[in-house]
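Have a look at the structure below, then the notes.
This chain uses plain numbering: 1 for the first residue, then up along the sequence. Only a predicted model underlies this, so the values are computations on that prediction, with no experimental measurement involved.
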Amino acid sequence: MAKSLPAEQVPGIYRRDLGEFRIATVHDGMLGASFEDVVGVKPETWEAAHRADFRKIPPRLSCNTFAIERAGRLILVDAGCGATTPGAGRQIEGLTALGVAPADVDAVLMTHLHRDHAAGLIDSAGAAVFRNAEIIVHRDDLDFWRDEMTLGRLRESQRQDFAIATAVLHAYADRIRSVASGEVIPNVTALPTPGHTPGHTAWLLDGDSERLLIWGDIVHLPVIQFARPEVGVVYDIDSPAAAMTRRRVLDMAATERWLVAGVHLDFPCFGRVEARGVHGFAYTNEVWSSAL
């Protein structure tokens, strides 16, 4: 009998070098969404753009994490969904395919502490997955999730985020580093991008001849938010501030000609931003390459 192909997708991994950095996108999975999740535009407008781009219905968001090696240190950006989300939570599977064990990780740079970024930091018992890693988080996100009043600001569907953040902060209580901005490890700079959450942070890697900006939730919906940065999502804590930040970050990436990567961009997530029209932008995926 002929051998059949796997019934499930193989681990999604993409390698790319940036100067002294060795970088891998590790696909965590796909997240379910609804056209009603959009803010600042009618749901039908997103749906029309989504269909015009030949995307699946109902909509699904790509969720990715990043593994970075430099100077003998192994660093992650975000940790994915863990066991909280059907169809996602495949970061450890991807790291294993790369030959990386959780104990090998030295630090995790967090864009913020929503569950699709932070739940993978803990196991089903609430214990730390990366037992040797420090967790680096913007101080405003730490303050936000440590404040009991935050629960009152969240939609019912977001309250699991608070529980996950609380569990993460407990599991890593002695290994959390609070940062604000500037260089946090050699050649890696914290760039505050508030709005989605108060301490939402992007990470700028300086690869000498090229820079890479890795963001979390600057863009959830690539088919519409580049062209219309004013469009937000219901997951934003402060939608107007998130929209202002999105426009600022996209303008910066276009002006500086940075390579960008985003947690919710289409795998393998690397690309370029350019200004388009008076107020919009365009995004071009970097062509996949077998050469590093």
Are the aromatic rings of H196 and Y235 close, with centres under 6.0 Å apart?
no
More than 12 heavy atoms of other residues, nucleotides or ligands under 6.0 Å from [atom1] of [X]: is that the case?
X	atom1	answer
R131	CZ	no
M244	CE	no
R248	CZ	yes
R55	CZ	yes

Quick check against the 3.5 Å criterion: does [X] have a side-chain atom that pairs as donor or acceptor with the backbone of [Y]?
X	Y	result
D104	L74	no
E210	G207	no
Q225	H220	yes
E69	R73	no
D123	A125	yes

What distance separates [X] [atom1] from [Y] [atom2], expressed to the nearest 0.5 Å?
X	Y	atom1	atom2	result
H200	T193	NE2	OG1	4.5 Å
H117	T197	NE2	OG1	9.0 Å
L61	D116	CG	CG	8.5 Å
M30	C81	CE	SG	11.0 Å
D208	L18	CG	CG	8.5 Å
W145	T150	CH2	OG1	7.0 Å

What do the steps show when you test R211 against L205 for side-chain contact (heavy atoms from CB on, under 4.5 Å), and what is the final call?
CA-CA 6 Å; R211 286 183 170 186; L205 280 59; over 6 Å; no
Note: [X]-[Y] ion pair, threshold 4.0 Å (strictly below):
X	Y	answer
R115	D161	yes
E148	R153	no
D206	R70	no
E47	K42	no
E274	R276	yes

Could you check Q9 against H27 for side-chain contact (heavy atoms from CB on, under 4.5 Å), going step by step and ending with a plain yes or no?
CA-CA 11 Å; Q9 186 63 272; H27 184 61; over 6 Å; no
Donor + acceptor pair across side chains of [X], [Y] (<3.5 Å):
X	Y	answer
Y283	N285	yes
D217	H264	yes
H112	D141	no
T65	D28	no

[X] versus [Y], closest heavy-atom pair with distance:
X	Y	result
A128	Y172	CB-CZ, 3.4 Å
A167	I122	CB-CD1, 3.6 Å
P194	T245	O-OG1, 2.6 Å
A88	L31	CB-CD2, 4.0 Å
C269	T25	SG-CG2, 3.7 Å
Q91	V26	O-CG1, 3.7 Å

Cluster link [X] to [Y], ILVMFWY, side chain under 4.5 Å:
X	Y	answer
V105	V168	yes
I176	F130	yes
V223	V260	no
V179	L121	no
I68	L95	no

[X] side chain near [Y] side chain, heavy-atom distance below 4.5 Å:
X	Y	result
W203	D78	no
L154	F162	yes
W215	V263	no
R16	E286	yes
L204	V188	no
P229	H279	no
T45	I224	yes
R177	I135	no

Please test T201 against L109 for side-chain contact (heavy atoms from CB on, under 4.5 Å), starting from the C-alpha separation and ending with a verdict.
CA-CA 9 Å; T201 302; L109 303 171; over 6 Å; no
Assess whether side-chain contact (heavy atoms from CB on, under 4.5 Å) is satisfied between L259 and L213, documenting all intermediate values.
CA-CA 6 Å; L259 180 68; L213 183 68; over 6 Å; no
Could you go through the salt bridge (charged side-chain N to carboxylate O under 4.0 Å, His left out) check for R51 and E44 one step at a time?
CA-CA 10 Å; R51 290 182 181 275; E44 309 89 81; over 6 Å; no
Plane angle bin for W46 and F35 - parallel if under 30°, tilted between 30 and 60°, otherwise perpendicular:
perpendicular
For the residue pair F270 and Y14, does the interplanar ring angle fall in the parallel (under 30°), tilted (30 to 60°) or perpendicular (over 60°) class?
tilted
